[in-house]
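All remarks here apply to the structure that follows.
Chain naming here is simple, since letters A, B, ... match the order of the sequence lines and numbering starts at 1 in each.
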Amino acid sequence: MRLQRVVGVGKSGDFVGHGGGLLESVFTGSIATYTPRAATSDRAGSLRPSMRLSHLLLPTEREPPSDAEALSHKLMVRAGLIRQVGSGLWTWMPAGWRIHRKVEQHIREEMDAIGAQELLMPVLTPAHLWKATGRYDSVGGELMRFQDRKGADMVLAMSHEETVTFHVAQLVRSYRQLPLQLYHFQIKERDEFRPRAGLLRTREFVMKDAYSFDRDPAGLDASYELQRAAYHRIFERCGLRFYECEADVGMMGGFGAHEFMAPCAAGENDVALAPGYAANVEVAAAEPQPVPPLRHDLAGELHTPGRTTVEAVARALEVHPGNLLKAFPVVTEGRGLVMILLRGDHRVNEVKLGTSLGEPFRPATAEELGGAGMVPGFLGPSAAVLTFHDAAIRPGRYVTGSGRADHHVVVEVEAGERIDVRTVEAGDTVAGHPIAIEPAIEIGNIFKLGTRYSEPLGATYLDAHGKAQPVVMGSYGIGPARVVAAAAEQYGDEHGIAWPRSIAPWDVELVAVGKAGTPERDAADALYAELTTSALDVLYDDRDAKPGEKFADAELLGAPLRLTLGKRSLRSGQLEAQRRRGREDVEGGVAMASAAATTEALWGELP
RNA sequence: CGGGGCGUGGCUCAGCCUGGUAGAGCGCCGCGUUUGGGACGCGGAGGUCGGCGGUUCGAAUCCGCCCGCCCCGACCA
């Protein structure tokens with residue numbers, strides 16, 4: 001079962017800041033301290049339970065920052081959750097940090113539940129660890145490097161494989177100590193080329209990174225599966241729409257990876273989706289859409305003056321672009337000039353191409369093509385150059401560049417070896433189902449690392465036969481800030497953010513309509529006091545502001561339930577209640593006499 | 001790093017072309033009237049106009065260099 005929620009570190013539900021007299025600073029709320037709370041599966045963490053808005057630093061804005069484009073960026077700044085410090089650098093304001101901490105806590109509880117142990121490793125890291133694994137040189141400008149006052153090379157960790165493996169190398173000696181899983185929440189520093197979209201891509205962010213250490217690949221498979229299942233529970237608890245998909249292993253190295261993607265308009269990854277299938281387009285493979293056969297009357301060499309693009313040639317010859325072969329010349333270190341042929345209507349996927357080639361490549365220059373006797377714009381298969389055909393190229397007749405200017409030629413392509421390097425397109429099929437392509441933000445990933453780090457860092461253990469074996473590792477990351485931003489993307493509307501209840505900064509916002517000293521305000525004060533003893537965390541808007549402003553701020557901040565108490569309530573004995581998701585009024589309201597219990601029940605039914 | 005855009009009070013912006021006492025709305029402070037969807041009146045506070053240099057009698061405005069921020073691309077977990 002889940003951990004019991006423990007509350008009670010804080011002093012009370014209220015805080016009266018400086019400036020109040022002695023009498024005023026006697027707290028005005030009830031004693032929320034040490035109130036036992038029922039464990040609820042999608043509740044997270046222990047935070048100061050309730051709060052008066054008049055004492056909260058919540059810098060809401062009527063207008064979004066002029067440079068914001070992504071919905072989450074606009075809304076999170078407007079709602080007073082985050083403020084920018086520099087490019088890709090953000091401060092979490094108090095309300096926003098509550099959300100972040102709730103996400104962290106869901107993650108923490110699920111990591112603990114699979115037996116992972118929390119520790120904390122430093123950001124500042126001696127460079128020799130990164131030199132040992134080769135990443136000091138291989139990673140590039142994203143890794144922040146500098147020297148300390150003694151002149152020692154240092155890095156700011158962008159990930160902690162090196163550090164955690166360093167410890168395991170020292171501390172784990174025996175197979176009896178394995179398997180082992182360690183994790184922490186720590187700042188990562190990545191000097192991104194281009195931070196963007198508020199929190200979606202930043203240069204500094206908190207990451208939960210977990211690492212598994214096993215005796216052998218079968219053990220890794222088991223650990224990986226534990227993490228995979230925990231990830232599903234975490235993102236479900238956070239209320240996100242998400243899917244797991246096949247991923248490229250990228251800079252982490254290793255031999256297996258899945259990404260957890262949250263679909264949203266501002267997402268910077270494209271994901272190919274079909275029933276039972278989800279894959280980053282960087283790895284996605286699908287059946288291409290068929291093209292009609294090439295016109296029979298075309299044959300041999302064709303005069304195509306000035307037609308240097310697929311589109312121009314197809315239009316001039318009145319054929320489908322898929323009847324052409326497109327040539328994509330690249331240069332690799334190991335193989336020199338290489339020609340990649342694709343169907344004319346397809347686009348090369350550079351990540352897939354890199355994976356297929358197994359080495360870095362760059363586009364060939366005009367000079368290099370000229371040196372090989374080729375004319376840009378009229379490229380085609382050439383016996384002189386190593387050539388690969390994309391998997392979508394079926395045997396048949398195609399129009400392709402002839403190798404000399406202003407001429408194309410019809411060629412017969414036969415069956416043969418293929419590599420899959422094209423970008424899949426909406427409408428291609430997987431197992432007969434057409435795929436859709438959707439933008440998404442990566443909120444987590446899991447990698448099978450194998451011995452990529454344990455070998456260079458000497459992380460070995462003695463097996464039952466007394467023989468040294470490298471520890472087999474996995475690595476598992478989640479960016480809580482991206483989880484928060486993804487929720488804002490998915491549940492934001494023109495009024496603000498309708499948080500899933502499990503990560504909302506407060507469970508309920510109580511809006512007092514009526515200024516201080518009125519009977520309705522006194523009633524609201526009393527209700528707040530009562531609610532602070534319930535299982536719910538309440539934000540009490542006790543400001544002397546216009547009702548419209550309070551409602552607008554409540555909708556911006558997005559507590560899943562809003563209670564309103566005003567004169568009407570005193571007359572009717574009913575509070576008004578509105579569910580934030582869909583801005584839907586609770587029919588009949590909530591009886592003041594049993595407000596706490598009813599509100600808890602209502603909250604329990606929210607998404 | 002390539003292309004584009006922008007930097008004027010806490011926020012959104014005008015003023016710049018055509019040089020001449022720094023403006024508006026919102027927000028903030030005070031007083032009053034208001035009070036169920038971002039009210040109104042009166043009075044206030046707040047800005048080295050991103051920085052440095054140049055031109056000029058005079059620069060937010062013109063010129064040069066630099067810095068910062070955003071978007072697209074490249075790149076990237």
If you only use heavy atoms from C-beta on, which nucleotide in [options] is closest to the side chain of [X]?
X: A:Glu63; options: B:G37, B:C70, B:C11; result: B:C11
X: A:Leu556; options: B:C69, B:G38, B:U35; result: B:G38
X: A:Ser66; options: B:G37, B:C71, B:C13; result: B:C13
X: A:Glu549; options: B:C70, B:G37, B:G38; result: B:G38
X: A:Arg194; options: B:A74, B:U12, B:U34; result: B:A74

Spell out, as yes or no, whether a donor-acceptor pair under 3.5 Å connects the side chain of A:Lys352 to the backbone of A:Val281.
no
Using a 3.5 Å distance criterion without hydrogens, assess whether the side chain of A:Asn280 forms a donor-acceptor pair with backbone atoms of A:Asn269.
no
So, is A:Arg190 close to the B:C76 phosphate, meaning a side-chain N or O under 4.0 Å from OP1 or OP2?
no
Would one find a side-chain N or O of A:Arg62 under 4.0 angstrom from OP1 or OP2 of B:G27?
yes
In whole angstrom, what separates A:Glu192's CD from B:G73's P?
15 Å
Tell me the interatomic distance from A:Glu204, atom CD, to B:C76, atom P, rounded to whole angstroms.
23 Å
Can you run down the salt bridge (Lys or Arg N to Asp or Glu O under 4.0 Å) pairs that involve residues 64-81 of chain A, sequence neighbours left out, and say none if there aren't any?
none
Side-chain heavy atoms of A:Asp191 within contact of A:Met158, under 4.5 Å
no
Just checking A:Phe235 against A:His106, ring centres under 6.0 Å apart?
no
Rounded C1' spacing from B:G64 to B:U55 in Å:
11 Å
Can you check the distance between B:A22 and B:G50, where both ends of the measurement are the P atom (answer in whole Å)?
15 Å
Looking at A:Glu110, A:His184, A:Met111, which hits side-chain contact (heavy atoms from CB on, under 4.5 Å) with A:Lys208?
A:Met111
Of all of residues 483-495 of chain A, which get a heavy atom below 4.0 angstrom from RNA chain B, listed by number?
none
